[in-house]
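Every chain is numbered from 1, with letters handed out A, B, ... down the list of sequences.
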Amino acid sequence: MNILLCCSAGMSTSLLVTKMQASAESQGIDCKIWAVGNGEVRNHIDSADVLLLGPQIRFMTEQLKKEAGDRIPVAPINPMHYGLCNGEEVLKQAISLIKGE
Amino acid sequence: MMTFIEKYIMPYAMKFGNNRHLLAIRDALIGMIAITMVGSFAVLFNNLGEIIKPYGRLMESIFGESWKTLGGDIWWGTFAFLTIFAVFGISHRLAKSYGDDGFEAMLVAAACFFLLIPQVGQVPDTEGVWGFIGYGYFNATALFTGIVVALLATELFIRLTKVKAFIIKLPDGVPPAVAGAFAKLVPGMLTIFIFGVAGLLFRKMTNGEFLNDWLNATLVAPLTNAADSLPFAILIVFLVHGFWAVGLHGPNILGGVTTPLFTSLGTKNTDLYAQGVADLDKYAILAGPFLDAFVYLGGSGATLGLIIAMFIAGRKRHKQMLALGTPPGIFQINEPLLFGLPIVLNPIWLIPFISAPVIMTVVAYLAIKWGLVYPVVVASIPWVTPAGIGGYLATGGHISGAVLALVNLAISIVIYLPFVYITGKMDEKKLKHVQPEQTPTIQG
């Protein structure tokens, strides 16, 4: 599973990446999680299975959906989970999006 | 409240934040940060000797009389040609947003920009010499002209590549790379030709005035003058935090407008500084990293002040938030705090969140205007530079810059403190109300 996170500069989402990785490891889930800024997200869409957006750039959801085509799900992260860096919940969201739930 | 935002604010944020032209400008200028930073620091290192005399003497004793050559060369390679990089970057980014690979577009746009520059250079004591160009056509002075030409040329080029009649079909055996270059041959030629004719017609109509010169005079001066004013500074800061109030990344959305203005004013200051101009009134105030260095301390909303206020008045209550928000907060990253506390959509927290940065902007602007603090002379510093250090670096190593940042930090603490106290009282009250109902469930 390849989970791509995106925010303005890829800084605050990278805080979340660490937490998500820890959560994935403890559950024995094998996945790659990484974060980028919205300037370079286009170059990463192709290698991702899901794209999650920081809530502060959720105004870009529609545009990025278009860029991703129908290939992968694109969704903003719940602001509360984002703010509290709740890696477990965000990982859950990513997995359920990939499974198409 | 949420539906109101989704319905009335999101569409505007979307329009503004997703406008491909503004995005191309912003991304290109942000992509140039390596160039603007190394240029800024080269100027800084060369001129630090004026302020810190022992530093100048030390450098001279190690590297000899010509110790400033390297810094000068770097300035020449970066700042003196700033607009060129912008033209390349913007047209590349814009063409990419249309699904083009951007390479030919970038070269064609650069050609269009160059052909609009006068071929006769003004050299003192002569009537002008053919074949010489002053660097004023390439440095930050020409930035807005470069932006306009890059956008127009790229638009034209991309539109022409979509016209089927212009695509030269090669036989099937030709490698795709070759065929690709040929496909854009006619659109590229036409774009350059049209710009050439337009430039020529413009000169005929205006008795020899060049389009670039004219654009510079009619666009740049009024734009940058309007941008470097206190009302504009307050407006921008207010809008940035208004967007954040509803959970949208304000600086990101407005970046298409603010980045070129601040970059242009910042590089103007760096150029003045490099020339050793001592008259501080000539420097722009709202330039370069002004907001990052003096206002966004801890991030948008000056939330470093909030963190410190929490340490003072709500350490126990906000234990988790402080643990989560302090380390990134030192490096001006505050999303955990904005969404975690949360400040976003919270009417009480939004009062200090918006008022603190506005007041700090006024203080910083006036402090520089009145000459109490040295102006920003560095075009860019990373926005993650911690509070205080940012102020010191931005002003070219003046302690007054660090002091201003710290005074502003103190102001933000004072503004946030009562709100930390009030929300604490409110939480206590709520807890008392809820507790009788909740106790059984906790026991069960």
Side-chain angles (χ1 to χ4, degrees), chain A residues 5-23 35-46 51-71 74-90 93, chain B residues 2 5-6 9-20 23-24 26-31 33 89 93 96-97 99 243-253 255 299-300 320-321 323-325 327-329 331-346 382-384:
Chain A
L5 271 58
C6 171
C7 66
S8 181
M11 291 280 188
S12 60
T13 31
S14 63
L15 293 170
L16 192 56
V17 166
T18 333
K19 299 272 180 143
M20 287 171 72
Q21 268 162 349
S23 168
V36 297
N38 62 17
E40 70 240 63
V41 66
R42 283 165 198 85
N43 307 332
H44 291 261
I45 283 180
D46 285 341
L51 170 58
L52 292 176
L53 304 178
Q56 71 275 31
I57 59 157
R58 65 180 186 277
F59 62 89
M60 294 186 84
T61 313
E62 286 307 314
Q63 192 206 350
L64 288 172
K65 265 186 185 162
K66 247 184 250 162
E67 304 236 1
D70 291 330
R71 209 181 58 75
V74 179
I77 300 166
N78 175 310
M80 212 57 208
H81 296 156
Y82 192 72
L84 296 173
C85 274
N86 193 333
E88 201 183 319
E89 283 297 325
V90 181
Q93 186 190 0
Chain B
M2 236 15 230
I5 293 158
E6 303 291 335
I9 297 174
M10 285 284 274
Y12 288 103
M14 236 162 83
K15 239 187 211 159
F16 215 72
N18 281 339
N19 177 289
R20 65 172 82 236
L23 269 181
R26 189 193 74 196
D27 289 348
L29 290 175
I30 291 172
I33 186 159
R93 286 280 184 182
K96 279 224 153 189
S97 79
F243 276 120
W244 261 125
V246 296
L248 297 174
H249 200 295
N252 191 306
I253 291 168
S300 299
Q320 191 197 0
M321 208 59 249
L324 210 59
F331 298 98
Q332 321 247 65
I333 300 166
N334 61 355
E335 276 90 344
L337 210 58
L338 296 178
F339 290 109
L341 195 54
I343 292 174
V344 165
L345 287 177
N346 186 325
W383 55 269
V384 288

Below 4.5 Å, heavy-atom pairs only: which of B:L337, B:V384, B:I333 has the largest tally toward chain A? B:I333

Against A:C6, only a single residue in A:I57, A:L52, A:V74 fulfils side-chain contact (heavy atoms from CB on, under 4.5 Å); can you say which? A:I57

Toward chain B, the part of A:L84 with a non-hydrogen atom under 4.5 Å: both

Less than 4.5 Å to any heavy atom of chain B: does that hold for the side chain of A:N86, its backbone, both, or neither? neither

Please find the pair of heavy atoms, one from A:V90 and one from A:H81, that lie closest to each other, and give the distance. CG2-CB, 4.0 Å

Closest approach of B:V246 and B:L345, non-hydrogen atoms and distance? CA-CD2, 4.2 Å

Under the 3.5 angstrom rule, does the side chain of B:R26 hit a backbone N or O of B:N252 as a donor-acceptor pair? yes

Let me know if B:L338 has heavy atoms under 4.5 Å from chain A in its side chain, its backbone, both or neither. neither

Measuring heavy-atom distances to chain A, does B:V344 have an atom under 4.5 Å in its side chain, in its backbone, in both, or in neither? neither

Just do the side-chain contact (heavy atoms from CB on, under 4.5 Å) check on A:M60 and A:N38 with the steps written out, would you? CA-CA 9 Å; A:M60 294 186 84; A:N38 62 17; 3.3 Å; yes

